[in-house]
Amino acid sequence: SSGINAEYGGGENSKSWHSQGLSGSGKSTYAKKIVSTIGKGEVFSTDDFFMLNEANEYRFVHADLQLAHNWNQQRVEGALAEGISPIIVDNTNTQFWEMRPYVIA
């Protein structure tokens, strides 16, 4: 099931949350609802790398997946440095090693 199930501090005034769930389980919708409801924060998804335009056309290229993860991790690190809170990492995160690069950021 989707939901926010892990929370890690990114400094005294910043928190990052990690959604966890299979593709299509509602993680992105839930993450966006949290940010909308509290009126602050930002959602970062590796899937954003594969969005081609403003019309939300999505084109996944498996060969670019590691590049996409690196790109998203850099965006999260930048947001942490800027003090954005909360930060929601919206990836499948079905295993802890998938979250690890974001946790150590």
Side-chain angles (χ1 to χ4, degrees):
S1 70
S2 72
I4 305 300
N5 81 338
E7 185 175 329
Y8 300 94
E12 215 173 290
N13 298 316
S14 179
K15 295 209 181 276
S16 64
W17 296 338
H18 301 260
S19 63
Q20 182 179 34
L22 300 176
S23 295
S25 63
K27 295 177 307 298
S28 298
T29 301
Y30 187 58
K32 290 173 188 172
K33 185 175 181 178
I34 290 170
V35 169
S36 175
T37 299
I38 64 175
K40 63 179 186 172
E42 201 163 334
V43 178
F44 294 92
S45 174
T46 297
D47 278 343
D48 293 343
F49 183 87
F50 300 105
M51 300 306 285
L52 300 179
N53 52 41
E54 296 292 324
N56 290 327
E57 184 180 345
Y58 179 80
R59 186 167 301 143
F60 179 76
V61 178
H62 189 270
D64 291 339
L65 187 56
Q66 188 57 54
L67 179 64
H69 278 291
N70 292 342
W71 171 81
N72 199 51
Q73 290 163 12
Q74 289 174 351
R75 295 189 316 149
V76 169
E77 288 174 12
L80 284 168
E82 291 177 28
I84 294 172
S85 180
I87 291 168
I88 301 177
V89 179
D90 175 35
N91 291 334
T92 54
N93 294 313
T94 56
Q95 299 192 30
F96 181 75
W97 64 265
E98 295 173 296
M99 287 185 259
R100 192 171 193 281
Y102 297 97
V103 174
I104 60 175

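For reference, positions follow the sequence shown, starting with 1.
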Can you tell me how far apart [atom1] ([X]) and [atom2] ([Y]) are? Round to the nearest 0.5 Å.
X	Y	atom1	atom2	answer
I88	K27	CD1	NZ	13.0 Å
M51	R59	CE	CZ	11.5 Å
D48	W71	CG	CH2	5.0 Å

Across all chains, not counting sequence neighbours, the side-chain hydrogen bond (donor to acceptor under 3.5 Å, both in side chains) partners of N53 are E57
Looking at every heavy atom in both V89 and V76, which two are closest together, and how far apart are they?
CG2-CG2, 4.1 Å
Taking the side chain as C-beta and beyond, is there a heavy-atom pair between [X] and [Y] under 4.5 Å?
X	Y	answer
F50	D64	yes
N91	S45	yes
I87	E42	no
K40	P86	yes
N72	F49	no

No-hydrogen, no-angle side-chain donor-acceptor test under 3.5 Å, Q74 and N70
no
Could D90 and K32 be called an ion pair, given the rule that one side-chain N must be under 4.0 Å from one carboxylate O?
no
For the residue pair Y58 and F60, categorise the inter-ring angle as parallel (less than 30°), tilted (30 to 60°) or perpendicular (more than 60°).
parallel
